[in-house]
K.L.:
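Here's a structure for you.
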Amino acid sequence: MKCVSRFLLLCFANPIPIPLDPTMVALLPPIWYSCFSNFSDHPFELDGKLWFTVEHYFQAAKFADPQQRARIYACPSPMTAALMGKDRSIPIRADWDAIKLDVMRQALNAKFDTHQQIHDFLQATHPYPLLNYTAFDPFWGQDKRGHGQNQLGKLLMERRSRML
Ligand SMILES: Nc1c(N[C@@H]2O[C@H](COP(=O)(O)O)[C@@H](O)[C@H]2O)[nH]c(=O)[nH]c1=O
């Protein structure tokens, strides 16, 4: 990866690199970074099953109910898995807030262990900050004003630091 500035943020949920300075230009098409989205089509095995996306695994893990887990597992797209995971007509695990970072970490590990190409691409983004750029998710992402915890970006950078 070649960038003219080491301060470029690589944004992947809405993959538009944000130059912090007008002289900064990414030399890769922004869409390439979408492989870091949890919606990306990179299946992996975990807990004895083959999961279509990280989003499927993460949303299913919210529920103790095996039927709801099975429905999310079989969702035809990550968006339908995300919508089903937000359904509160079936209760989520009481300890969800305490475990959700670990669940996401496990799924990301499985994804990047399974797919060598995106593993190498994640490694190649070093030392650029990774930003899950979204106005709609103040926990997993961050908006253009810097509001939000960017926990997904942080987990990806944590995974990347173990590759170096
Ligand atoms: N809505 C959306 C994404 N949101 C994803 O939703 C998950 C958080 O779900 P929850 O904890 O239920 O709010 C987390 O995986 C986050 O990345 N991601 C994307 O790439 N594209 C999207 O359109």
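We count ligands from 1, going down the list as the structure has it; atoms in each ligand are counted the same way. Side chains included, hydrogens not; waters and symmetry mates left out as well; all remaining heavy atoms used. Numbers here are sequence positions counted from 1. The structure displayed is predicted, hence computed values, not measured ones.
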K.L.:
What atoms of ligand 1 come within less than 4.0 Å of a heavy atom belonging to N38?
P.N.:
14 (C), 15 (O), 17 (O)
K.L.:
Charged N to carboxylate O below 4.0 Å: is that the case for D113 and R159?
P.N.:
yes
K.L.:
May I ask you to check whether W96 and F58 place their ring centres under 6.0 Å from each other?
P.N.:
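Close enough - the centres of the two rings lie under 6.0 Å apart.
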K.L.:
Check ligand 1 against K86 and write out every atom of the ligand that is under 4.0 Å from a heavy-atom position of the residue.
P.N.:
9 (O), 10 (P), 12 (O), 13 (O)
K.L.:
So if I count the atoms of ligand 1 from 1 in the order they appear, which ones are less than 4.0 Å from some heavy atom of W140?
P.N.:
8 (C), 11 (O)
K.L.:
Just let me know how L152 lines up against ligand 1, side chain, backbone, both or neither, with a heavy-atom cut-off below 4.0 Å.
P.N.:
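The part of L152 near ligand 1 is the side chain, not the backbone.
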K.L.:
Please classify the F58 to ligand 1 contact at 4.0 Å (heavy-atom distances, strictly less than): side chain, backbone, both or neither.
P.N.:
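Near ligand 1, F58 shows its side chain, while the N, CA, C and O stay back.
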K.L.:
For ligand 1, which atoms sit closer than 4.0 Å to a heavy atom of S37?
P.N.:
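Ligand 1 atoms under the 4.0 Å threshold to S37: 19 (C), 20 (O).
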K.L.:
Out of W140, F121, Y133, Y128, which residue meets the ring pair (Phe, Tyr, Trp, His ring centres under 6.0 Å) rule with F36?
P.N.:
F121
K.L.:
Side chain to side chain contact (heavy atoms under 4.5 Å, CB included) between K111 and L122: does it pass, once the steps are laid out?
P.N.:
CA-CA 12 Å; K111 171 180 169 179; L122 177 60; over 6 Å; no
K.L.:
My understanding is that we take every heavy atom of each candidate and find the minimum distance to atom 9 (O) of ligand 1. Doing that for K62, M79, M104, Q59, which one comes out nearest?
P.N.:
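Among K62, M79, M104, Q59, the closest heavy atom to atom 9 (O) of ligand 1 belongs to Q59.
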K.L.:
Show the atoms of ligand 1 that are less than 4.0 angstrom away from any heavy atom in E55.
P.N.:
5 (C), 6 (O), 7 (C), 14 (C), 15 (O)
K.L.:
Going through the checks in order, is the side-chain hydrogen bond (donor to acceptor under 3.5 Å, both in side chains) test met by T80 and S77?
P.N.:
CA-CA 5 Å; T80 50; S77 75; 3.1 Å; yes
K.L.:
Taking the side chain as everything from C-beta on, heavy atoms only, tell me whether L50 gets closer than 4.5 Å to F44.
P.N.:
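A side-chain contact under 4.5 Å is absent here.
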